[in-house]
Amino acid sequence: MPRPTDRPGWRTLLSHARRHWRTYAVGVAALALVDAIDGIAVPWLTGAAFANLEREPDLRVSTALIGAAFAFAALLQLGMRYAWRHFFIRTADRVGSEMRTALFLRLQALPLSYHDRARSGDLVSRMTNDMNDVRTAAGSGFLLAADAALYLLFVIPQLLWISPRLSAVALLFVPLVLVLVRKGGQAVHARSAAVQERIAALSARLQESFAGARVVKAFAIEPGEELRFQALARAYQGAQVHLARFQAGYAPSLGMVFDLAHVLVLGLGAREVLNGRLTLAELVVYTRAFDKVVWPMMAIGMVTGMLQRGAAAQARIDEVLTEPVDPAAPGGAAPAVDDGPRLAGGLSVRDLTFRYSGADPARPPALDGVSFEAPPGALVGVVGPVGAGKSTLLSLIARLQEPPPGAVLLDGHDVRDLPPPALRRAVAVVPQEAFLFSATIAENVAFGRQADLDQAAIEEACRAAHVDGEVRALDGGYAALLGERGVNLSGGQRQRLTIARALARGPALLLLDDALSAVDAETEAGIARAVRERSGPTRVVVTHRLSAVRGADLIVVLDRGRVVARGTHEALMAEGGLYARLARAERLEEEAARLERALGDEAARG
Amino acid sequence: MAEATGGKARGGERQAGAVQPDDDADLRPVDLQVAWRLLPFARPHLRLVVLGLGLMLVVTAFGLLGPRLLGATVDAIAARDADGVLRWTLLLGASFVGLFLGRWAQGFALGVLGQRILYDLRVTLYEHLERQALSFFQRWPVGRLVTRVTGDVEALAELFSVGMITILSDVVTIVAVAGVLLWIDLELALLGLSALPPLLCLVLVMRRPVRGANRAVRRRVAEIAAFSHERLQGVRVVRACGAEAEDQARFAAVDGAAVAAYDRRTHLDALNNPGVYAITAFAVALVLWRGGEAALAGRISAGTLLEVIAYLNWLYMPIRDLASKYTLLQQAAASSERIFELLDHAPEVADPAAPAALPTPARGEVELRGVRFAYAPGGAPALDGVSLRVAPGETVAVVGATGAGKSTLGSLVLRLWDPQAGQVLLDGVDVRAVRQADVRRRVALVLQDVFLFAGTIEENISLGDPAVDRAAVERAARAVAADDVIARLGGYDAVLGERAATLSQGERQLIAFARALVREPAVLILDEATASIDPATEARLQAGVRALVRGRTAIVIAHRLATIQSADRIVVLHAGRVAEEGPHADLLARGGLYARLVELQRLGHERDDVAATA
């Protein structure tokens with residue numbers, strides 16, 4: 001059998017106890033006091049009241065004193081109970097916070113390819129649900145374990161000391177209960193799993209039935225659906241009753257075993273009293289102390305489940321924490337020298353070939369021998385059909401994906417050798433999807449540069465992106481909150497805000513990934529002008545709208561990862577080929593859109 | 001002494017609070033009105049209810065017997081009465097066995113009762129939901145409906161087990177124990193009962209802050225989840241903007257707020273539960289003092305003193321977890337409110353009280369008379385006075401720009417919606433006058449976006465109709481040329497799970513064609529796929545459409561020129577009205593709306609062709 005610490009998760013889970021051993025130790029001390037009062041003081045004080053009855057009047061202890069001692073013990077317990085909660089539970093919450101933060105930092109630093117694969121819902125669940133299981137294990141779990149151990153430590157020697165003869169019989173039932181608790185726990189677990197399975201089947205069926213409501217209605221198959229649902233609901237009910245049948249007997253039978261053990265102790269103890277081997281008061285102490293053996297037995301059952309769940313959750317968290325980080329993330333493997341060189345924005349792409357990790361090696365690479373040069377301030381257009389590798393190219397230039405060495409150079413430096421902060425400062429990306437965070441507009445525009453962008457710079461960027469007027473018109477203006485509970489922006493507005501976000505950073509190299517698809521051509525031209533007039537960054541523009549790159553210094557036509565043509569607009573049109581065909585498709589599309597608009601306008605007029 | 005239950009109370013004290021999905025349930029007072037509405041669901045199981053209540057009394061009685069027998073045993077020991085000791089311990093053991101049997105039977109009876117009621121409730125709710133009109137399903141997110149039928153119904157179980165039985169048994173226990181104590185000794189009883197007012201005070205005083213703290217924890221945890229989720233979705237932006245350090249500070253703020261909320265809850269818990277224990281311990285101290293005196297004075301026996309202390313344990317137990325019971329009740333009440341909200345929702349499209357019959361045999365005539373329909377009452381009409389008669393066997397192609405009201409027209413014939421004005425007639429009978437199921441057996445609908453269930457392909461075509469056998473399914477699939485696609489998917493018994501996602505829109509439509517054809521409807525409504533489709537599938541689709549419309553009335557919301565040209569008649573919908581009507585050539589020659597629509601389509605196709613070769 002493998003040692004528990006060898007199983008995944010356990011080692012980390014226990015390391016929390018080691019790291020916070022001081023606070024846990026204080027908690028255990030407080031707990032020990034509480035348990036000592038419960039397990040020793042209370043039985044003996046109760047016994048003292050009965051001892052009086054067997055003593056000569058002048059040897060009696062004042063019952064008022066006994067009561068007062070009892071009350072004092074209660075007061076002490078009140079304080080100590082507060083203390084152990086403070087030290088155990090709060091420490092567990094610290095552990096939770098540490099793990100959450102570690103997880104967040106790791107997720108931030110993982111390569112984007114990891115995020116493309118992983119489901120964000122699953123990762124969030126590790127940060128919340130799994131974290132909660134770890135918290136419970138590090139709090140209630142550790143606590144219960146300590147509690148059970150302390151009780152047994154205090155009570156068992158007492159029992160043996162008062163009456164070894166009685167204890168020889170009474171303690172026989174301890175292993176019996178342990179087995180019962182363990183077997184019972186397993187049975188409950190198995191039956192609960194069946195319940196979970198059936199409810200999952202029921203939910204899946206419901207999901208289908210509601211999502212497919214149109215089909216269900218249109219074909220009037222409600223009766224059949226109801227029969228299916230009834231069968232699943234019946235199966236679920238069956239599993240629940242199966243579980244209830246066991247649980248109905250389980251807890252009471254545990255109770256009965258305890259109760260009968262108690263009766264046994266009382267009966268045998270009575271014989272000892274009658275034989276003069278014990279006093280009545282000692283028997284009272286014995287029974288009161290024996291009561292306290294019950295709880296640790298139950299606690300052991302609970303604690304194993306809690307720790308197992310905690311370890312399993314910890315293992316899932318560890319899985320993420322041990323993923324290798326992206327060297328391009330700050331704090332990654334790249335040399336963390338000063339700020340790095342000041343960059344002017346000259347870009348060279350040299351024989352860039354790239355294959356996604358895990359891609360089928362039999363298939364052609366995503367990019368195959370792509371080369372082009374963009375001197376500082378140049379405008380490069382990248383066009384091509386869907387799947388040509390345009391977005392991949394931008395990701396590699398921005399080092400969001402890791403390019404091969406020597407393939408992407410900024411002012412002659414390989415982007416892999418630049419310190420990430422310097423790279424991020426020099427390069428701004430406007431992604432295809434206009435992603436904004438649930439924060440104010442100003443925060444979104446200054447995202448990542450909160451410290452060095454003032455309001456004037458934010459507004460200036462928004463003016464250049466032709467969105468300033470609309471932002472001012474919003475309730476709250478630049479302080480308006482975006483997101484679920486905030487204002488809703490149109491797709492075009494969102495896109496222009498992401499442009500503003502890029503412009504606000506004053507980049508030397510600006511990468512636009514089809515970033516203005518929801519903006520009309522006229523506004524797009526205005527934005528392009530504003531971008532050029534600013535500090536004149538080098539621009540690499542991926543676009544489906546050829547008109548946007550008509551005046552480019554260089555247009556690169558990509559198809560299936562290769563450069564199939566390059567040149568200016570005029571040269572490419574004269575050449576015919578893919579570029580000319582794309583241009584024709586675009587004209588057709590514009591015409592169709594115009595016609596559709598005209599029809600729509602007529603429809604609106606009625 | 002019932003130590004098992006004592007242990008349970010301690011266990012409860014130490015359980016960490018689970019995160020509840022329902023945020024504001026604990027803000028509202030418990031509205032026990034809803035409990036009355038549940039009573040009809042309990043009525044069919046009246047015998048189990050009575051049995052459960054009877055067993056509760058048995059359990060309470062056996063429970064109360066324990067301390068008395070314990071006292072008698074101790075008295076027998078004190079009196080050195082060996083026979084008495086034997087007698088009383090045997091009786092004590094027997095009472096524990098009785099208690100066990102009573103609890104077991106009670107737990108079983110209540111478990112079965114709860115599950116039966118939940119089954120009835122769940123099926124009633126589901127059947128009610130199935131009767132709702134389509135508009136209902138468009139308003140309600142699927143996930144929320146699923147939660148109501150599963151989670152909320154589950155939470156209701158608490159209203160039965162906690163609400164009805166536990167609270168009742170708690171009240172009975174408190175009253176009975178108080179009575180027994182008063183009967184044993186007035187002074188000791190009053191001392192013991194003196195703990196109740198401060199206990200109740202503590203529970204009441206702490207209730208609000210504790211619930212506030214619990215709510216704060218849930219909110220903060222939800223905030224962490226929301227923040228992390230957004231950061232994961234926007235991870236590319238964070239990386240590109242180099243905003244990691246900034247976000248770490250933001251995360252620390254969100255996380256810090258959560259830790260502070262946890263701390264506040266721990267603080268309150270640490271005052272609350274130990275407070276309850278301290279109060280009861282003080283009362284026991286008083287009893288020990290005065291009881292010890294009384295025993296010394298010979299007013300009570302040693303056994304009675306022990307008995308009183310044992311009874312006190314029974315007295316305080318129900319009050320210790322009063323607050324958590326109240327919270328459970330609130331959640332159950334909130335759940336039942338949500339369930340009844342659904343049950344009270346009358347279907348917008350309902351069968352008439354005295355449904356008429358459609359004439360047989362079916363002719364397949366469809367007529368719209370001055371139909372006006374808007375999706376939102378008072379909103380812009382999707383159809384604005386449409387009159388159209390489709391003769392039996394005729395194929396009508398409906399064309400128009402996006403948003404002209406084409407798809408709406410088909411849905412109205414099936415009576416997925418009711419028009420606000422005008423009439424829809426099927427074989428001369430208003431569809432509102434007949435059963436919905438009768439209409440839908442006669443009219444089949446093929447949608448643009450085909451919904452495929454997770455079952456097998458055969459199930460997806462037969463839709464579980466017992467009248468449709470395998471041979472009919474295969475025949476239909478062959479007729480619409482869907483058999484190739486089905487063979488590629490692994491045959492009729494292949495389960496369409498994840499793989500359904502790999503099917504193109506055209507391929508999905510082929511399966512939907514078979515689904516419609518197998519029912520041999522008199523009228524077919526077909527919403528053609530708009531997406532560009534590869535030439536092979538396109539050819540199959542055209543063959544499928546021909547097989548479908550042959551020998552039946554068909555209204556085709558057409559997007560493909562081939563389909564439009566082969567129709568008997570073309571209806572051009574524009575802004576919810578019939579703008580033009582006639583055969584293809586006539587309409588084209590007129591050079592009006594239809595001609596422009598055809599041009600638009602041609603441009604679109606050409607663009608696709610160019611893009612495909614590009």
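Here is how names work: the chains are called A, B, and so on, in the same order as the sequence lines, proteins then strands, and each is numbered from 1. Values below: every heavy atom of this structure, side chains too, minus hydrogens, waters and symmetry copies.
At a 4.5 Å heavy-atom cutoff, the contact between B/Arg116 and chain A is made by backbone and side-chain atoms alike. Within the 4.5 angstrom heavy-atom criterion, no atom of B/Leu86 approaches chain A. At a 4.5 Å heavy-atom cutoff, the contact between B/Phe227 and chain A is made by side-chain atoms alone.
For the residue pair A/Asp147/A/Trp295, the side-chain donor-acceptor check at 3.5 Å is satisfied.
Of the charged side-chain nitrogens involved, none lies within less than 4.0 Å of a carboxylate oxygen, so that B/Arg441 and B/Asp465 do not count as a salt-bridged pair.
For the pair B/Thr89 (side chain) and B/Val85 (backbone), a donor-acceptor distance under 3.5 Å is present. Without hydrogens or angle criteria, B/Arg519 side chain to B/Arg515 main chain gives a donor-acceptor distance under 3.5 Å. No side-chain donor-acceptor contact under 3.5 Å links A/Lys217 to the backbone of A/Gly212. Not one N or O on the side chain of A/Gln207 forms a donor-acceptor pair closer than 3.5 Å with the backbone of B/Val146.
Counting heavy-atom pairs closer than 4.5 Å to chain A, the top residue among B/Asp384, B/Leu296, B/Leu414 is B/Leu296. Taking chain A as the reference chain and counting heavy-atom pairs below 4.5 Å, the highest number among B/Asp255, B/Leu445, B/Leu288 is found for B/Asp255. Between chain A and the options B/Gly111, B/Gly291, B/Ala278, B/Ala258, heavy-atom pairs under 4.5 Å are most frequent for B/Ala278. For the set B/Leu447, B/Val112, B/Val439, B/Leu286, the count of heavy-atom pairs under 4.5 angstrom toward chain A peaks at B/Leu447. Most heavy-atom pairs under 4.5 Å with chain A, from the set B/Thr266, B/Val123, B/Asp263: that is B/Asp263. Per-residue heavy-atom pair counts under 4.5 Å with chain A were compared for B/Phe451, B/Trp289, B/Phe282, B/Tyr126, and the maximum is reached by B/Tyr126.
Residue A/Arg60 places its CZ atom among more than 12 non-hydrogen atoms of other residues, nucleotides or ligands, all under 6.0 Å distant.
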